[in-house]
There are 2 protein chains.
Amino acid sequence: MPVKKKEKIQCDSNIVHEEIVRRVGQKMPSEEALYDLAELFKVFGDSTRIKIIWALFEEEMCVCDIAHLLNMTHSAISHQLRVLKQARLVRPRREGKNMYYSLDDQHIEEIFHQGLIHINE
Amino acid sequence: MPVKKKEKIQCDSNIVHEEIVRRVGQKMPSEEALYDLAELFKVFGDSTRIKIIWALFEEEMCVCDIAHLLNMTHSAISHQLRVLKQARLVRPRREGKNMYYSLDDQHIEEIFHQGLIHINE
DNA sequence: ATAATATATGAACAGATGCTCATAAGTTCA
DNA sequence: TGAACTTATGAGCATCTGTTCATATATTAT
């Protein structure tokens with residue numbers, strides 16, 4: 001009695017499309033890389049931080065000016081700059097009492113650009 | 001008596017670096033565009049969704065297979081696919097009992113690529 | 001030293017998020 | 001029709017997040 005061969009397979013939790021899952025699984029980046037990527041995008045996923053970064057596209061600014069530009073408290077901006085700093089996206093520079101922040105990455109602008117293309121589609 | 005001109009200005013909440021703030025402010029995209037951009041990146045800011053998208057780079061897959069690949073419940077995957085669908089990042093196609101999802105955007109891969117460059121720097 | 005200004009930081013709180021669970025909806029096959 | 005299977009969805013909940021507030025730190029000028 002020949003075993004009935006299933007050509008187009010169902011999606012039983014056991015009889016999954018094993019071929020597909022195996023092939024795709026092999027091409028996936030490491031768990032760690034995907035996690036880090038998500039962490040990076042998480043940083044971009046807040047409109048305050050997006051605004052800060054966009055402002056710094058133009059030129060370096062101090063905390064106070066950013067706060068004024070975005071009409072937010074110094075504290076809130078400082079907290080967010082810390083997040084950006086930890087993600088190695090901005091770099092601080094002291095000048096007297098002021099801390100000037102500037103962008104520390106060349107790829108951000110390209111990432112944002114592609115993001116805007118998606119939005120405006 | 002000549003008015004003392006302030007060259008490098010202080011950061012009083014009143015005497016902000018008005019020139020800078022004004023110039024940068026003019027170049028900022030609209031509030032709405034920046035908000036939408038943040039929303040898009042928020043979608044990328046979760047490792048489950050990152051994994052789903054990366055899997056779909058290879059080929060379309062059904063809910064069940066994605067769940068199996070990522071070792072998660074069907075429900076969790078379905079919820080996340082909904083988020084991706086609402087963001088117009090994936091597109092569903094029915095085939096019998098299965099819903100096959102595929103990527104609906106050409107720019108995602110470029111965005112992810114640039115993101116990885118930042119991480120590996 | 002003290003005062004004034006700029007920034008940083010911890011605690012607290014409200015709101016958002018992602019998963020699980022239960023259940024519903026849609027499809028196929030007997 | 002009903003049973004089996006796949007996917008979708010709402011509720012509940014634990015966790016995470018972004019802001020505010022109070023306070024600390026750092027620099028400059030008096």
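All figures in this text were calculated on a predicted structure; none of them were measured in a lab.
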> Taking CG from A:Leu70 and P from D:dT20, how many angstroms apart are they, rounded to a whole number?
Replying inline: 12 Å
N/O contacts under 3.5 Å, protein versus nucleotides 8-11 of chain D?
residue	atom	partner	partner atom	Å
D:dA8	OP1	B:Tyr101	OH	2.4
D:dA8	OP2	B:Ser78	OG	2.8
D:dT9	O4	B:Ser75	OG	2.7
D:dG10	O6	B:His79	NE2	2.8

>> Please tell me if B:Asn98 has a side-chain N or O lying less than 4.0 Å from either OP1 or OP2 of C:dT27.
In response: no
> What pairs with A:Asp104 under salt bridge (Lys or Arg N to Asp or Glu O under 4.0 Å), at least two apart in sequence or on another chain?
Replying inline: A:Arg91
>> Across nucleotides 12-18 of chain D, 5' to 3', mark each nucleotide with B, S or - according to how protein heavy atoms within less than 4.0 Å reach it.
In response: -----SS
Which donor-acceptor pairs under 3.5 Å do the side chains of residues 25-38 of chain B make with protein atoms, sequence neighbours left out?
residue	atom	partner	partner atom	Å
B:Lys27	NZ	A:Glu58	OE1	3.4
B:Ser30	OG	B:Ala33	N	3.0
B:Glu31	OE2	A:Lys51	NZ	2.7

> Angle, rounded to 10°, between the helical axes spanning five pairs at each terminus of the helix from C:dA1-D:dT30 to C:dA30-D:dT1?
Replying inline: 20°
> Of all residues at least two apart in sequence or in a different chain, which pass the side-chain contact (heavy atoms from CB on, under 4.5 Å) check with B:Ser75?
Replying inline: B:Thr73, B:His79
>> Going by the rule side-chain contact (heavy atoms from CB on, under 4.5 Å), which residues pair with B:Arg94 if we only count those two or more places apart in sequence or in a different chain?
In response: B:Met99
> Judged by atom type as modelled, is there a donor-acceptor pair below 3.5 Å linking the side chain of B:Arg93 to the main-chain atoms of B:Ser102?
Replying inline: no
> For the side chain of B:Asp46 and the backbone of B:Thr48, is there at least one donor-acceptor N/O pair under 3.5 Å apart?
Replying inline: yes
Below 3.5 Å, can you tabulate the donor-acceptor pairs from side chains in residues 113-121 of chain A to any protein atom, sequence neighbours excluded?
residue	atom	partner	partner atom	Å
A:Gln114	OE1	B:His107	ND1	3.4
A:Gln114	NE2	A:Glu110	OE2	2.9
A:His118	ND1	B:Asp105	OD2	2.3
A:His118	NE2	B:Ala87	O	3.1
A:Asn120	ND2	A:Leu116	O	3.2
A:Glu121	OE2	B:His107	NE2	2.7

>> Using whole Å, what does the distance between atom C1' of nucleotide C:dT20 and atom CG of B:Asn71 come to?
In response: 15 Å
> B:Leu84 has an atom CG; how far is it from atom P of D:dT7, in whole Å?
Replying inline: 15 Å
> Which pairs with one or both residues in residues 69-90 of chain A pass salt bridge (Lys or Arg N to Asp or Glu O under 4.0 Å), sequence neighbours excluded?
Replying inline: none
> What residues form a side-chain contact (heavy atoms from CB on, under 4.5 Å) with B:Arg23, not counting sequence neighbours?
Replying inline: A:Glu59, B:Glu19, B:Ile20
> Once you round it to whole Å, what is the distance between P of C:dG18 and CD1 of B:Ile52?
Replying inline: 11 Å
> Considering residues at least two apart in sequence or located in another chain, which fulfil the side-chain hydrogen bond (donor to acceptor under 3.5 Å, both in side chains) criterion with A:Glu109?
Replying inline: none
>> Which residues pass the ring-ring contact (aromatic ring centres under 6.0 Å, His included) test with B:Phe44, not counting sequence neighbours?
In response: A:Phe41, B:Phe112
> Once you round it to whole Å, what is the distance between P of D:dT30 and NZ of A:Lys97?
Replying inline: 10 Å
